[in-house]
Amino acid sequence: MLAFLVQRISQAVLVMFVISVIAFAIQDGLGDPLQEMVGMSVSMEEREALREELGLNDSMVVQYLRFAGKALQGDLGNSYFYGKPTLEVIAEHLPATLELVIGASLIIMFLSVPIGVYAAIRPQAWLAKFFMGVSTVGISIPVFLTAIVLIQIYSIGITIEWFPEDTGWGQWLNGALTTEGGLPSYGRGDELTHLFGTWYSGFFSTDGLMHLVLPCVSLASIMLPLFIRLIRAEMMEVLQSDYIRYARAKGLSAVRINFLHALKNTMLPVITVGGVQVGVMVAYTILTETVFQWPGVGLMFLEAITRSDIPLIVAYLMVVGLIFVITNTLVDLVYGLVNPTVKLTGKKA
Amino acid sequence: MTTATLSRWNRFRESFLWYSFKRDKVAIVSSIVLLLMVFAAVFAPLFAPTDPYDLAQIDIMNSELPPVGMPGADSAFPLGTDAQGRDMLSTILYGTRVSLLIGFGAVVLQAALGILFGLLAGYLGGRVDSILMRIADVQLSFSTLMVAIIVGAVFKASFGNLMFGEIAIYMLIFIIGVAEWPQIARTVRASVLAEKKKEYVDAAKVMGFRTNRIMFRHILPNTLSPIFVIATVQIANAIISEAALSFLGLGMPETQPSLGSLIKSGFDYIQSGSWWITLIPGLVLVVLVLVINLLGDWLRDVMNPRLYKG
């Protein structure tokens, strides 16, 4: 176990090192800090002196070591646009993104498990086929498109007048298909509750929750089909195994077999795959936040790109890279702990 | 030559692939829809009523006209017009062409990279294998879309808006191709590992062929069917990635729109009630991706190759 631990952690450190080298290369290649600091009127000699003083004439290795040393102490420079430390800017935007992810994860958990289990137990039922069909279509719809359709239906509202108004059924169909709209589709609202530090939460007011609905549903919509399919596939495999057949032969109730015996072994691969999906989730939050102008880190990153705010771009890469590496390492370790058949040392089979 | 092509055609007609195709309604409908879309997109200049790249044909007075069937529509613009007065039907045809081109190009690039690295990793094994697969693991754990966004962001920041717009099509092919190579490399590696143990490879080795020849002439042809399956699905993924990048403003410029940038430019007008500018290209995108995915599913079921799971 110890060898496994050391191997995984050293691998994580190596990946983090590569990320920091890439981040450093971006910082070095994209911007001239001198241009940001001084105006046009400064002479060449003064520039050269400043260059020397800032250490910009040192070798790349020395400059990288200085960058890495500062980064380890939590100093990733100041944002050009916000004029304060980049990590502070990220800390201000992070809670919004986290709340979006938490909300979406809750929706995914409470929907994917029952639907996936149902589709595995009754694969031939029309409702199960319907869910699987919807999830195939769902995977083909990009998250920003789902978001736009949701905005059109629930925020702007649609008026349907296709059916004849003078008949009863036509009126009923028109009424049933027409939506009022009115759900907020922009930002987080004004009624945020201060929790601690930079965390202002939208979970504790009606207005905040209303603002969360559409972004969370959009974000969940893209991950939900994946989890439903995964749970269904794993569950169907588990249901074939000998211990389930034995439990059936013993005469245990179907509920007990399905939810106690089978579900337990289904959830293990689901949790590991879910942990690895964090990277995908971050990419999708960028898209969701763009559609809803949600003031999280994804939108901040995109704005930093349009403003060429290099230190903020670099800091974002480092922070997101760190989050990925930590979650992936944790998932690996947890998997190694619960599943003893994983080869602890050496290469992956 | 005629006899050769005829027999090849006959062989195809008697193959299991054609047999199962004829019996699968979903596959038939999807391929008809896909062929129609590709045909319309490739010959867009012939079908499109106007040329969206030609500024002289655009009249700003025609902006935001709704599609036919809604009050205020103009029959000259069957799908309405966008905010600049461009005919939606024409922009969608040209946009589908751009999206397909990028999707196809990106898959060709990632297949080239994936086949090369997959063969090397699988056949040579050892250190080459562990380094290449570790890179693939790390890249996949970051998710391909995230890698594409970061690379796109860096390119955009270093080239500037104007320059990026001019070379966007090549940039996108490069970005998506580089971001997604691990998918194909893993599949190729898995089937190379299986093929490597077979007798014909031993025979080739005994005959003294060079490693390159064994890898590309002997093993590669036997790994083609899984590559073919995964490449089909990857085209759909590449089209979605392109649309996502364009939607974030890291892709095609509005003057030379793809489906993604059409959706993006229409999104600014959705609050004013002009839903068609964004939702019609969106629908086209979904249908395109859906039929490719359905065909990919069908191919996978028929060829049943050893696909890398997950």
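Throughout, a chain's letter reflects where its sequence line sits, starting with A, and its residues are numbered from 1.
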* Begin from the C-alpha positions of B:Met146 and A:Ile286 and carry the test side chain to side chain contact (heavy atoms under 4.5 Å, CB included) through to its verdict. => CA-CA 9 Å; B:Met146 193 66 210; A:Ile286 299 181; 4.0 Å; yes
* **Listed partners of A:Ile326 passing side chain to side chain contact (heavy atoms under 4.5 Å, CB included), at least two apart** => A:Leu322, A:Leu330
* Single hit among A:Val320, A:Ile22, A:Leu317, A:Ile305 for side chain to side chain contact (heavy atoms under 4.5 Å, CB included) with B:Ile150 -> A:Leu317
* With sequence neighbours left out, write down each residue that passes side-chain hydrogen bond (donor to acceptor under 3.5 Å, both in side chains) with A:Asn328, or none if nothing qualifies. => B:Ser141
* Asked: Side chain, backbone, both or neither: which part of A:Leu287 has a non-hydrogen atom closer than 4.5 Å to chain B?
  -> both
* **Which portion of B:Ile239 sits near chain A, non-hydrogen atoms under 4.5 angstrom** => neither
* To do: For chain A, find which of B:Gly282, B:Gly260, B:Ala244, B:Gly249 contributes the most heavy-atom pairs closer than 4.5 angstrom.
  => B:Ala244
* Structure fact -> Pair count under 4.5 Å, heavy atoms only, with chain A: among B:Asn237, B:Leu285, B:Leu248, B:Asp129, highest is B:Leu248
* Taking non-hydrogen atoms and a cut-off under 4.5 angstrom, which of residues 141-151 of chain A neighbour chain B? -> A:Ile141, A:Pro142, A:Phe144, A:Leu145, A:Ile148, A:Val149, A:Ile151
* To do: Measure distances from A:Val291 to the heavy atoms of chain B and classify the residue's part below 4.5 Å as side chain, backbone, both or neither.
  => both
Donor-acceptor pairs under 3.5 Å, side chain of residues 289-298 of chain B to any protein atom, not counting sequence neighbours: which ones?
from, atom 1, to, atom 2, distance (Å)
B:Asn293, ND2, A:Ser140, OG, 3.1

* **Minimum heavy-atom distance B:Ile149-A:Phe301, with the two atoms named** => CG2-CE2, 4.0 Å
* **Interface moiety of B:Leu250 toward chain A, non-hydrogen atoms closer than 4.5 Å** => side chain
* chain B contact via A:Ile19 - which portion, at a heavy-atom distance below 4.5 Å -> side chain
* In Å and rounded to the nearest 0.5 Å, what is the CD to CG distance from A:Gln11 to B:Asp137? -> 7.5 Å
